[in-house]
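Every chain is numbered from 1, with letters handed out A, B, ... down the list of sequences. Note that this is a predicted model, so its numbers are computed, not measured.
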2 protein chains.
Amino acid sequence: MRAATPESRRSSPAAVSAAEELIRATGARVTQGRILVLEVLQAAGRALTHHEIEAAVTGPLDRVTVYRVLDWLTRQQIAHKIPGDDRVWRFTIAGQKQAHHHAHFQCTDCSQVICLDDVPTTLRPRLPAGYRSAGVEVTVKGQCKACVRPAPRRVRR
Amino acid sequence: MRAATPESRRSSPAAVSAAEELIRATGARVTQGRILVLEVLQAAGRALTHHEIEAAVTGPLDRVTVYRVLDWLTRQQIAHKIPGDDRVWRFTIAGQKQAHHHAHFQCTDCSQVICLDDVPTTLRPRLPAGYRSAGVEVTVKGQCKACVRPAPRRVRR
DNA sequence: ACATCTTATGCAATCTTGTTGCGTTTGTTC
DNA sequence: GAACAAACGCAACAAGATTGCATAAGATGT
Ligand SMILES: [Mn+2]
Ligand SMILES: [Mn+2]
Ligand SMILES: [Zn+2]
Ligand SMILES: [Zn+2]
């Protein structure tokens, strides 16, 4: 809150990270786990699996805690939780503009997911009587940059 | 193949069911498991989970066999395999017209899936350089008829 | 700085969905 | 019916995710 706690050991630019700020704004506790996981998500340019997040976090953080932090971030709408064709959840930070209507790309080879922020999902599909629409999800299937190469390699998860 | 077989609408044990016909046409073996599972899918008006199919099959049929039959039906393109937000695959028979481009509806409350045959999925999203599109999947999220009622009940799987 | 209260965490156990290996049964062809 | 390959049943396995509970750590007030 107040200006500067003298915290300059870090090579990172901000004394209080953007992640920390975001978490504090929710009113909930600002914990190490939440900061670390959110920073990983913010640094990634794509959707990450639980495994990838756990591996990317600096220092030890329990598997279950990562699950719980991700669940919390999703409930706070700070993160997106995306189901994949490999039955693995992936998570991204939820930018402001991409709040509701945006599409995803998922690679049919390695299952990686990225957000396609500029794809308009303005369909208005006709539903059967009694059904209520709350939004449309568009997922482009195909090959990502890495997998479109001559010898498509199966990325190990 | 020819027009000949008149569709008897009887649900009584037919001499040769439509399911049996379809399976035989693939050239593979016409087994009890395949017939039973396919008949269940044909009778259902929506996408079914492995659990639902196993329960709906008359007589004992091993869990694993149901998985293998569903996998076979999918490879034969007789069935669709649809990923759900609850990490559970669902299966529908693949009608002729809905062969490739059609949308799905998934209920945010009970996770049920139905096919929306008449929704055009004609978007052509712009992908990052190097990415290759192989099709677009459109899923409408919302509440199904059962869950849109005054007291939305969580359907137990 | 300390005491206190609340919430989040670590760890083990458990659950759920789906897969694999292998010996036995069944469908098809001759 | 015999022979052969394909499919099946069963048990074990695997991976992702969840739950229960004792302990640790964040927040708040003094
Ligand atoms: Mn997204
Ligand atoms: Mn379908
Ligand atoms: Zn890929
Ligand atoms: Zn529903």
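The distance between atom OH of A:Tyr67 and atom P of C:dG10, rounded to the nearest whole Å, is 15 Å. The distance between atom CZ of B:Arg87 and atom C1' of D:dG16, rounded to the nearest whole Å, is 5 Å. Following rounding to the nearest Å, A:Asp62 (CG) and D:dC21 (P) show an atom-to-atom distance of 18 Å. Put simply, CZ on B:Arg68 is 14 Å from P on D:dA11, counting in whole angstrom units. With rounding to whole Å, B:Ile35 atom CD1 is found 11 Å from D:dC8 atom P. Spacing between atom CZ of A:Arg34 and atom P of C:dT7 amounts to 11 Å, rounded to whole angstrom units. Rounded to whole Å, the distance from CG on A:Leu36 to P on D:dA25 is 14 Å. Spacing between atom CZ of A:Phe91 and atom P of D:dG16 amounts to 13 Å, rounded to whole angstrom units.
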(request) Classify every nucleotide of nucleotides 24-30 of chain C by which part a protein heavy atom approaches to under 4.0 Å, writing B for the base, S for the sugar-phosphate alone and - for neither, in 5'-to-3' order. (result) --BBS--

Dump every N/O contact between nucleotides 12-14 of chain D and the protein below 3.5 Å, one line per pair.
none

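With sequence neighbours left out, A:Asp71 forms a side-chain contact (heavy atoms from CB on, under 4.5 Å) with A:Arg75. Qualifying side-chain contact (heavy atoms from CB on, under 4.5 Å) partners for B:Lys145, counting only residues two or more places apart in sequence or in other chains: A:Tyr131, B:Arg149. Taking A:Ala28 as the reference, A:Thr26, A:Arg34, A:Trp72 meet the side-chain contact (heavy atoms from CB on, under 4.5 Å) condition, with sequence neighbours excluded.
When all heavy atoms are compared, the tightest approach of A:Arg126 to B:Leu116 is O-CD2, 4.5 Å. Of all heavy-atom pairs between B:Ala19 and B:Ile35, the closest is CB-O, 4.1 Å.
Using a 4.0 Å heavy-atom cutoff across all strands shown, A:Trp72 reaches no nucleic acid atom at all.
Looking at B:Glu39 and B:Ser17, their side chains do bring a donor and an acceptor atom within 3.5 Å of each other.
Residues from residues 53-61 of chain B lying near DNA chain C, meaning a heavy-atom separation below 4.0 Å, are absent.
Residues A:Ile93 and A:His80 have side chains not in contact (no heavy-atom distance under 4.5 Å, counting atoms from C-beta outward). Between A:Arg90 and A:Ser111 there is a side-chain heavy-atom pair separated by less than 4.5 Å. The shortest distance between side-chain heavy atoms of A:Ile82 and A:Trp89 does not fall below 4.5 Å.
In the set D:dG9, C:dG18, D:dG16, the nucleotide with an atom closest to the side chain of A:His51 is D:dG16.
How far NE2 of B:His104 is from CD of B:Gln112: 14.0 Å, rounded to the nearest 0.5 Å. Summarising the geometry, atom OG1 belonging to B:Thr92 is positioned 13.0 Å from atom NZ belonging to B:Lys81; distances are rounded to the nearest 0.5 Å.
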